[in-house]
Amino acid sequence: MNTIKISRFKCFEADEFELNKVTLLTGTNGAGKSSLIQALLLCRIAIDKIRDKTPIADNHKSNDIPLNEEYQLKLGEVNDIIRESTSNHGFEVIIDKDRFHFDTLDESNISLKCDFSIDPSSVESFWIKKEFYYLHAERLGPRQYLESGVSSFLNCGQRGELVAYVLNKMETNNGFSSALFKGSSLQFEIEVNKWLETVCPGITVGNNTLTSTLTQLKIKGPASKSDMLATNIGFGVSYVLPIIITGLIAKKDSIIIVENPEAHLHPKGQSNIGYFLGKVASAGVRILIETHSEHVVNGMRRAALDSDNLSNQDINIYFFNGFDDEKKLLKKNLIQIDENGNLSDFPVDFFDQTRQDLLEIIQLSKKK
């Protein structure tokens with residue numbers, strides 16, 4: 001388990017979180033879930049700037065941390081993210097022994113400077129490893145064509161734009177294995193479709209390389225006799241496919257950050273993608289999820305009961321429930337899972353909307 005402390009950034013005055021093997025961020029809109037991920041991404045940008053230039057375990061300075069470019073961040077201007085209530089300059093993120101201090105640049109209101117120190121014991125930690133997988137909430141919907149791309153490590157892109165490229169790469173990269181998927185490259189597409197059919201029954205995918213820069217997904221639906229273009233299938237497949245492929249190619253001891261894995265999925269599919277991500281975590285990949293779906297949470301609970309290498313103690317669920325104006329503090333609950341899969345707490349508005357609605361329906365029906 002790792003500790004992340006965030007001070008003076010957006011809604012965080014001085015807040016601390018424990019990042020477990022699996023950490024789920026749940027709660028109301030605008031309460032701070034995305035802000036936690038954004039703080040971690042800003043630290044990652046600082047690391048990316050020096051990765052190939054100097055030893056990582058050292059003290060570093062960077063004067064070019066953009067707020068609106070990398071990792072799909074759209075944070076606006078500096079005064080949009082630094083808390084006004086503080087007399088201190090800038091904001092700070094501490095991950096275990098690693099300290100990142102962000103402050104303003106005199107010449108820019110859309111970039112930050114960052115002084116940071118990396119402890120030698122951290123160089124193999126999930127936030128520093130080269131393999132760092134992030135899937136943005138706004139992934140690509142169905143597209144007739146997708147791009148090919150080269151990066152420092154194989155990944156689906158932050159919006160899933162490289163899924164067809166990865167499928168093609170896995171057909172030719174003999175002997176590749178990841179934390180979850182073990183076997184020859186010829187089995188990769190079979191493994192992808194096995195999990196895809198679990199989430200989206202009857203759907204299978206393949207790829208078609210058109211040029212050196214363009215690829216195309218081939219999709220077969222439960223009612224189709226031949227392959228179709230992705231644009232003839234709904235958004236759910238396009239949104240979930242990069243999650244499945246990323247889970248299969250992710251290296252052990254790396255991290256997958258995924259926002260809203262439930263997007264455009266049927267409730268059963270939402271539960272099964274939660275289960276899948278739990279199985280990925282059981283293979284040694286760190287998982288950080290932002291979700292509004294109780295089904296994703298329940299799928300993760302099933303995975304904890306059904307995995308040899310993932311226990312209930314490996315999962316933290318944070319429930320964000322607004323801001324305490326009087327105390328000027330974020331309101332959050334840490335909810336855990338016991339050995340029988342039960343949740344430790346059910347605060348108001350934590351996935352209890354069905355109960356609230358049924359109670360109101362009963363009360364309204366009595367008035368009729």
Side-chain angles (χ1 to χ4, degrees), residues 1-4 17-25 36-37 40-41 43-44 47 71 95-96 122-136 139 151-158 160 162-163 166-167 169-170 173 176-183 185 187-188 191-192 194-196 198-199 240-262 271-291 296-297 299-318 337:
M1 198 178 299
N2 302 91
T3 300
I4 178 170
F17 302 87
E18 297 288 347
L19 300 184
N20 213 330
K21 288 183 179 180
V22 176
T23 306
L24 296 106
L25 310 178
L36 191 156
I37 292 174
L40 189 57
L41 293 177
C43 295
R44 179 66 189 193
I47 292 168
Y71 291 103
I95 309 173
D96 290 343
S122 298
V123 293
E124 292 299 318
S125 296
F126 68 88
W127 62 91
I128 293 177
K129 289 178 71 70
K130 178 177 68 174
E131 294 84 9
F132 182 89
Y133 307 93
Y134 169 62
L135 291 169
H136 192 265
R139 298 183 284 282
S151 61
S152 60
F153 66 98
L154 192 66
N155 69 93
C156 290
Q158 294 157 21
L162 300 178
V163 289
V166 174
L167 275 173
K169 190 73 173 177
M170 292 301 297
N173 190 356
F176 186 93
S177 64
S178 72
L180 181 63
F181 169 65
K182 303 296 183 184
S185 60
Q187 296 175 304
F188 184 76
E191 190 75 5
V192 169
K194 182 187 78 174
W195 284 106
L196 181 59
T198 301
V199 178
V240 80
L241 187 58
I243 301 175
I244 292 172
I245 292 179
T246 299
L248 293 175
I249 65 173
K251 296 292 187 68
K252 186 178 180 181
D253 298 322
S254 62
I255 185 171
I256 298 175
I257 301 174
V258 56
E259 298 175 342
N260 301 117
E262 70 273 11
S271 177
N272 285 338
I273 197 62
Y275 177 83
F276 168 76
L277 288 168
K279 301 299 282 188
V280 174
S282 73
V285 179
R286 186 69 62 98
I287 302 292
L288 176 59
I289 300 171
E290 178 191 359
T291 182
V296 169
V297 175
M300 191 64 67
R301 293 163 69 184
R302 290 194 290 121
L305 292 170
D306 192 37
S307 302
D308 294 332
N309 298 317
L310 182 72
S311 75
N312 60 294
Q313 298 178 348
D314 295 326
I315 302 173
N316 281 357
I317 304 169
Y318 280 99
I337 302 173

| field | Non-hydrogen side-chain atoms of Trp127 and Ile255 separated by less than 4.5 Å | value | no
| field | Any side-chain heavy-atom pair of Lys169 and Leu162 under 4.5 Å | value | no
| Atom pair CZ (Phe276) and CD1 (Ile243), whose distance is rounded to the nearest 0.5 Å | 8.5 Å
| said: Could you walk me through whether Leu25 and Glu259 satisfy the side chain to side chain contact (heavy atoms under 4.5 Å, CB included) test, starting with their C-alpha distance in whole Å, then the side-chain angles of each, then the deciding distance to 0.1 Å, before giving a yes or no? | reply: CA-CA 9 Å; Leu25 310 178; Glu259 298 175 342; over 6 Å; no
| Between Ile245 and Val192, is any pair of side-chain heavy atoms under 4.5 Å apart? | yes
| request: Using a 4.5 Å cut-off on heavy atoms from C-beta on, say whether the side chain of Ile273 contacts that of Ile244. | output: yes
| remark: Rounded to the nearest 0.5 Å, the CD1 atom of Ile315 sits from the CG atom of Leu310 at a distance of 4.5 Å
| task | Report yes if the side chains of Tyr318 and Leu36 come closer than 4.5 Å at any heavy-atom pair, otherwise no. | result | no
| note | Separation between CD1 (Ile257) and OG1 (Thr246), nearest 0.5 Å, reads 12.0 Å
| query | Counting distance only, does the side-chain N/O of Lys279 pair as donor-acceptor with the main-chain N or O of Asp306 below 3.5 Å? | reply | yes
| task | Kindly compute the distance separating CE (Met170) from CG (Leu248), expressed to the nearest 0.5 Å. | result | 8.5 Å
| field | Under 3.5 Å: donor-acceptor pair, side chain of Asn155, backbone of Glu131 | value | no
| task | Check the pair Asp314, Val22 against side chain to side chain contact (heavy atoms under 4.5 Å, CB included), reporting the backbone distance first and the verdict last. | result | CA-CA 6 Å; Asp314 295 326; Val22 176; 5.9 Å; no
| field | Residues that Arg44 engages under salt bridge (Lys or Arg N to Asp or Glu O under 4.0 Å), provided they are two or more places apart | value | Asp48
| said: If you define the side chain from C-beta out and look only at heavy atoms, does anything of Ile95 sit under 4.5 Å from Leu40? | reply: yes
| said: To the nearest 0.5 Å, what is the distance between CZ on Arg286 and CG on Asn20? | reply: 7.0 Å
| Residue list, salt bridge (Lys or Arg N to Asp or Glu O under 4.0 Å) with Lys130, at least two apart or on another chain | none
| task | Answer with yes or no after comparing the ring centroid distance for Phe132 and Phe153 against a 6.0 Å cut-off, counting only values under it. | result | no
| field | Working for side chain to side chain contact (heavy atoms under 4.5 Å, CB included), residues Phe188 and Leu167 | value | CA-CA 8 Å; Phe188 184 76; Leu167 275 173; 4.0 Å; yes
| said: When you compare the side chain of Tyr134 with that of Ile37, does any pair of heavy atoms fall below 4.5 Å? | reply: yes
| Side-chain donor/acceptor of Asp96 to backbone N/O of Ser122, under 3.5 Å | no
| With side chains defined as the heavy atoms from C-beta onward, is the minimum distance between Tyr275 and Thr198 less than 4.5 Å? | no
| field | Inter-residue atom distance Thr23.OG1 - Ile289.CD1, 0.5 Å rounding | value | 9.0 Å
| Given Glu124, which of Lys251, Lys129, Lys252 fulfils the salt bridge (charged side-chain N to carboxylate O under 4.0 Å, His left out) condition? | Lys129
| From CA spacing to verdict: side chain to side chain contact (heavy atoms under 4.5 Å, CB included), Met300, Ile317 | CA-CA 10 Å; Met300 191 64 67; Ile317 304 169; over 6 Å; no
